[in-house]
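Working notes, beginning with the structure itself.
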Amino acid sequence: MTEKNKPSSVLSLRLTRDERARLEHEAGHQTLSAYARSVLFGADAAKPRPRTRRSAPDEKLLAQILGQMGQSALAQSLATLAQAVRLGSLPITPETETAMRKACADIAVIKSVLMKALHIKEH
């Protein structure tokens, strides 16, 4: 689409539900904007830019993963390890401590991404 043909303004139109349903039916696979342009301008209508489709997340699957994280003993296991370290019954090398901190950070990132994908606000 050339700079001259790029859409530069919006036209807003209020429709009844029946009118919108009729337009959507008549538009078929076209967007309402593309259909309206073709009706109004015919062959002179600007060609719509191709859409980039983002895949919708499988919310049910994401919710199951988040639920499994919540039901796992992961948090309790980490708490037990931390307590053992504090009591001195689990010797920790600097490398082990770094790996454990990275694992905790990774888990936090996974949880955050899942919650964002599911549109859940974090506390």
Side-chain angles (χ1 to χ4, degrees):
M1 191 176 287
T2 66
E3 192 66 35
K4 178 180 160 188
N5 291 335
K6 276 190 179 178
S8 61
S9 65
V10 175
L11 171 65
S12 180
L13 176 65
R14 293 192 186 276
L15 302 170
T16 66
R17 288 182 186 185
D18 289 341
E19 289 170 333
R20 180 164 181 123
R22 179 180 166 193
L23 278 178
E24 287 174 344
H25 176 74
E26 290 175 5
H29 67 280
Q30 298 178 62
T31 63
L32 288 182
S33 293
Y35 176 69
R37 277 192 199 96
S38 70
V39 169
L40 291 170
F41 302 112
D44 294 333
K47 302 293 181 220
R49 288 177 282 163
R51 286 186 179 184
T52 56
R53 294 184 57 94
R54 290 191 295 175
S55 60
D58 184 339
E59 290 187 8
K60 186 175 180 180
L61 184 59
L62 292 172
Q64 286 176 332
I65 294 167
L66 190 59
Q68 287 294 324
M69 281 186 72
Q71 291 176 359
S72 76
L74 192 58
Q76 183 60 38
S77 296
L78 289 173
T80 302
L81 286 172
Q83 181 65 21
V85 169
R86 279 193 291 279
L87 295 174
S89 61
L90 178 66
I92 297 291
T93 65
E95 294 80 19
T96 305
E97 181 181 357
T98 299
M100 288 177 71
R101 288 186 186 278
K102 174 141 180 30
C104 290
D106 290 346
I107 292 166
V109 168
I110 291 167
K111 177 185 173 194
S112 178
V113 169
L114 286 169
M115 292 180 76
K116 184 177 179 182
L118 290 167
H119 308 290
I120 299 172
K121 300 269 191 251
E122 291 188 66
H123 304 289

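Counting begins at 1 with the first residue of the sequence. No hydrogens, no waters, no symmetry mates; every other heavy atom, side chains included, goes into these values.
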How would you list, by chain and number, every residue that makes a side chain to side chain contact (heavy atoms under 4.5 Å, CB included) with [X], sequence neighbours excluded?
X	value
K111	L66, M69, M115
L32	R20, L23, E24, A27
L61	D58, Q64, I65
V85	L90, I92

Which ILVMFWY residues can you reach from [X] by hopping between side chains whose heavy atoms are under 4.5 Å apart?
X	value
L11	none
L40	F41
V109	V113

Self-check item: Sequence-distant partners of Q68, side-chain hydrogen bond (donor to acceptor under 3.5 Å, both in side chains), two or more places apart
Solution: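 Counting only residues at least two positions away or on another chain, Q68 forms no side-chain hydrogen bond (donor to acceptor under 3.5 Å, both in side chains).
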Quiz item: Of all residues at least two apart in sequence or in a different chain, which pass the side-chain hydrogen bond (donor to acceptor under 3.5 Å, both in side chains) check with T93?
Solution: E95, T96
Exercise. Grab the two heavy atoms, one from E26 and one from Y35, that are nearest each other, plus how far apart they are.
Key: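 Closest pair (atom of E26, atom of Y35, distance): OE1-OH, 2.9 Å.
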Who are the salt bridge (charged side-chain N to carboxylate O under 4.0 Å, His left out) partners of [X], not counting sequence neighbours?
X	result
R14	none
E19	none
D18	none

Quiz item: Between OG of S112 and CD1 of I107, what distance do you get to the nearest 0.5 Å?
Solution: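 Here the interatomic distance stands at 13.5 Å.
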